[in-house]
Amino acid sequence: MTTKSVAAATVHGYPRQGGNRELKKAIEGYWKGAVTAEALLATAADLRRSNWKQLAEAGVQEVPTGDFSLYDHVLDTTVAVGAIPPRHRAAVAADPLAGYFAMARGTQQAPPLEMTKWFDTNYHYLVPELGPDTVFAANPAKAVAELGEALALGHAARPVLVGPITYLLLAKPAPDAPADFQPLTLLDRLLPVYAELLADLRAAGAAWVQLDEPALVQDRTPAELNAAARAYRELGAPADRPKLLVASYFDRLGEALPVLAKAPVEGLALDFTGPAAANLDDLAALGGLPGKRLVAGVVDGRNVWINDLGKSLTTLGTLLGLADTVDVATSCSLLHVPLDAAAERDLDPQIARWLAFARQKAAEVALLARALREGTDAVTARLTANRADLASRTTSPITRDPAVRARTAAVTDADTSRAQPYPQRAEAQRARLQLPPLPTTTIGSFPQTTELRTTRAELNAGRLNAADYRKRMEAEVRAVIAYQEQAGLDVLVHGEPERNDMVQYFAEQLTGYLATRHGWVQSYGTRYVRPPVLAGDISRPQPMTVDWYAYAQGLTDRPVKGMLTGPVTMLAWSFVRDDQPLADTAQQVALALRDEVNDLEAAGAAVIQVDEPALRETLPLRRAGWPAYLDWATDAFRLTTSGVRADTQIHTHMCYAEFGDILRAIEELDADVISLEAARSHMQVARELAEAGYLAEVGPGVWDIHSPRVPSTEEALGLLRAGLAAIPVERLWVNPDCGLKTRGWPETRASIDSLVAAARTLRAELAD
Ligand code: GLN
Ligand code: ZN
């Protein structure tokens with residue numbers, strides 16, 4: 001391989017929380033008044049210092065700055081461009097730190113900014129609110145200070161900001177702006193503010209500044225692409241500015257690639273992993289990036305697996321012919337992976353050697369850059385070890401379980417479709433279940449009280465034995481069943497008291513799934529999750545929920561729903577394998593869940609619910625990828641649920657209100673009943689489903705469970721009437737928007753009373 005003398009290693013960002021979640025503790029302590037602002041800021045500065053040190057020790061030559069955040073980097077950008085919503089301005093002016101958290105979390109007087117998912121990751125950002133009256137003003141304080149810290153410590157540092165196009169495309173109209181207001185129309189007002197931030201960073205010593213434009217990897221209109229061209233023409237114009245690196249990640253740049261290639265900026269950062277690997281051919285077709293710096297994201301910043309270093313070197317070798325300078329990077333910020341795989345001391349050492357978290361990925365990037373600089377001979381031993389690790393993964397019985405493989409190979413079309421069409425099933429189910437019209441039910445969980453959480457914690461800490469734990473949980477199930485009977489609900493649930501989390505609970509019981517001890521990843525603010533890892537072939541050694549179901553059903557004559565998390569959601573909220581297509585992993589999970597569904601049926605369950613709240617959020621970023629995704633996703637759901645008799649009723653549940661994009665897919669799930677979030681949109685989804693010709697039963701939520709507010713009977717009745725206007729009475733169910741685990745008992749009782757009363761009122765009217 002040809003060598004170049006300059007190739008450097010870098011990353012776009014690093015986990016923020018620290019090895020012992022120091023940041024979470026400091027911030028939450030500050031919120032409670034137990035930690036002073038000074039102490040919080042000192043902890044934050046320590047963490048930044050330690051992050052840069054880790055990166056430098058791993059061999060990363062250019063560290064990012066400004067990627068660190070006390071809550072969210074999009075909120076930091078809102079502060080940097082002065083787009084503070086009017087309702088928070090006084091608080092921010094009085095105390096910038098308290099005001100910053102007020103925007104994130106809200107106060108009695110002022111609600112917070114809305115939170116939503118960062119592209120197709122499980123990270124959530126705070127949505128900028130912009131309107132025709134928005135006035136921007138540069139506030140470079142954070143960016144300049146953090147750059148100064150890194151430079152003072154002797155690091156070569158590159159400040160990272162969310163780019164102007166992505167910032168505007170992620171924004172929504174402010175509450176007082178017209179609903180159809182397009183934030184992108186503010187571009188001309190925003191660009192001078194970015195120019196000022198860039199000039200300030202230059203004055204503070206930045207040679208390069210990175211502007212992140214991940215929004216450009218989504219399908220963009222010609223007008224949006226023109227806006228990007230204009231933005232970078234303008235930002236590139238001043239003579240006295242830092243060099244600009246425009247970064248994209250999560251997918252290929254597509255039509256935006258030639259736009260950025262032509263722009264007067266000095267560098268582009270591209271993702272070359274997963275679907276974004278298409279950037280390689282696109283770049284070659286374009287004739288490369290002559291005269292520019294290419295920062296090549298060849299180490300996946302979103303998975304937890306070691307890199308195929310040989311394959312990355314091949315990619316880098318091709319790229320060397322396509323740009324002036326090629327630097328090596330992760331595909332995106334390492335924010336999306338846990339900090340350190342070496343902290344996982346109880347893992348099977350066989351599996352541990354396949355894992356790379358942020359620290360390990362930084363070292364991989366450094367190694368690849370070194371190979372470019374010094375030639376592969378300089379890293380032979382590491383390349384050999386990497387090949388051995390990869391081979392051990394390919395040949396391991398953990399990743400290749402012959403029994404699982406034989407089963408997936410034998411799946412036929414008949415396994416993914418129910419024997420009878422919905423109308424016939426509906427008849428059989430009606431005869432078996434004997435439910436009143438407008439049957440009432442809930443989505444599965446009942447309030448997760450402190451007592452329940454303490455009981456689970458005691459079991460995990462070994463202070464409670466399995467038998468006593470079971471007794472306490474059974475007492476809860478008894479109470480929940482008795483409550484539901486007395487409240488007058490028709491189809492009951494056991495309440496899910498034994499479930500810590502709807503994915504983790506199943507992951508812990510499936511072979512091939514791995515739990516980490518310290519693998520925390522930021523979900524939003526100070527909330528971190530520990531996603532389980534789909535490490536090997538998936539199988540189910542024994543039933544996972546049947547005992548709980550059977551116990552609950554033994555307490556009542558009314559039907560109790562069996563309750564499972566669906567295959568798509570199991571994948572969406574876990575770290576997935578990178579050594580086989582997602583569709584294959586989904587099929588394995590589906591087969592394991594299918595056994596559970598069939599066992600529930602054998603144990604007497606007449607109603608089984610398979611939750612798929614993540615079906616929509618996993619949609620690929622580009623529309624071109626949707627059909628293939630929806631195909632395997634709906635196949636996996638049907639494989640899970642199609643092994644039951646006609647008179648067993650399959651429910652599914654999804655908790656969001658924007659279904660437009662996946663209406664067809666919902667139909668293809670071929671569930672008998674679907675419950676959905678609908679209260680806030682006044683049953684909009686019921687109308688959408690009806691218009692799309694949806695034939696099966698629907699339970700549009702009549703109680704918005706996201707707040708403690710109790711709906712009155714009249715309110716629930718109003719929503720039900722709206723539901724009836726779209727869905728005929730034989731196919732309408734009455735239920736809340738989602739599970740009740742985050743609610744308290746008092747509002748739960750009052751709200752269920754309203755829901756049941758509304759259903760009864762309407763039944764009486766219909767009987768007349
Ligand atoms: N059955 C789950 C519950 O009730 C569903 C949760 C969800 O949709 N996110 O909690
Ligand atoms: Zn839900």
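Quick note: numbers below take in every heavy atom, side chains included, and nothing from hydrogens, waters or symmetry partners. Note that ligands are numbered from 1 as they come in the structure, with each ligand's atoms numbered from 1 the same way. What you see is a predicted model, and the numbers here were worked out from it, not measured in a lab.
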| message | So, regarding Trp573 and ligand 1 (criterion: nitrogen or oxygen to nitrogen or oxygen, under 3.5 Å), is there a contact or not? | response | no
Ranked by distance from atom 6 (C) of ligand 1, the top protein heavy atom is Met502 SD, 3.5 Å
To the Zn ion (ligand 2), the closest N, O or S atom belonging to His653 is NE2
| message | Check this for me - ligand 1, Ile443, N or O atoms closer than 3.5 angstrom, yes or no? | response | yes
So the atoms of ligand 1 within less than 4.0 Å of a heavy atom of Cys738 turn out to be 7 (C), 8 (O)
* Asked: Hey, is the main chain of Ala572 close enough, under 3.5 Å, to the side chain of Asn122 for a donor-acceptor pair?
  -> yes
Is it true that Arg616 and Asp661 have a side-chain N and a carboxylate O under 4.0 angstrom from each other?
yes
_Under 4.0 Å between a side-chain nitrogen and a carboxylate oxygen: does that hold for Asp120 and Arg302?_
yes
If the threshold is 4.0 Å, N to carboxylate O, is there a salt bridge linking Glu474 and Arg470? yes
Atom 2 (C) of ligand 1: closest protein heavy atom, distance to 0.1 Å, is Asp611 OD2, 3.3 Å
for atom 8 (O) of ligand 1, nearest protein heavy atom and its distance come out as His653 CD2, 3.0 Å
Per-atom filter on ligand 1: closer than 4.0 angstrom to a heavy atom of Cys655 are 7 (C), 8 (O), 9 (N)
Counting from 1 in the order shown, the ligand 1 atoms closer than 4.0 Å to a non-hydrogen atom of Gly444 are 4 (O)
Logged contact type for Met654 with ligand 1, heavy-atom cut-off 4.0 Å, is neither
One should read off an interatomic distance between Arg743 CZ and Ser707 OG, to the nearest 0.5 angstrom, of 6.5 Å
Closest heavy-atom pair, Val337 versus Pro15, reported as atoms and distance to 0.1 Å, is O-CG, 3.7 Å
Determine, for Asp537 against Arg577, whether the closest basic-nitrogen to carboxylate-oxygen distance falls under 4.0 angstrom.
yes
For Met563, the ligand 1 atoms with a heavy-atom partner under 4.0 Å come out as 1 (N)
- prompt: Can you check whether His518 and Tyr528 have ring centres sitting under 6.0 Å from each other?
  reply: no
Ligand 1 atoms nearer than 4.0 angstrom to some heavy atom of Gly739 are 3 (C), 4 (O), 10 (O)
- Message: Test your reading of the model: is there a side-chain donor-acceptor pair from Gln448 to the backbone of Glu496, 3.5 Å cut-off?
- Response: yes
Counting heavy atoms under 4.0 Å, the part of Ser445 that contacts ligand 1 is both
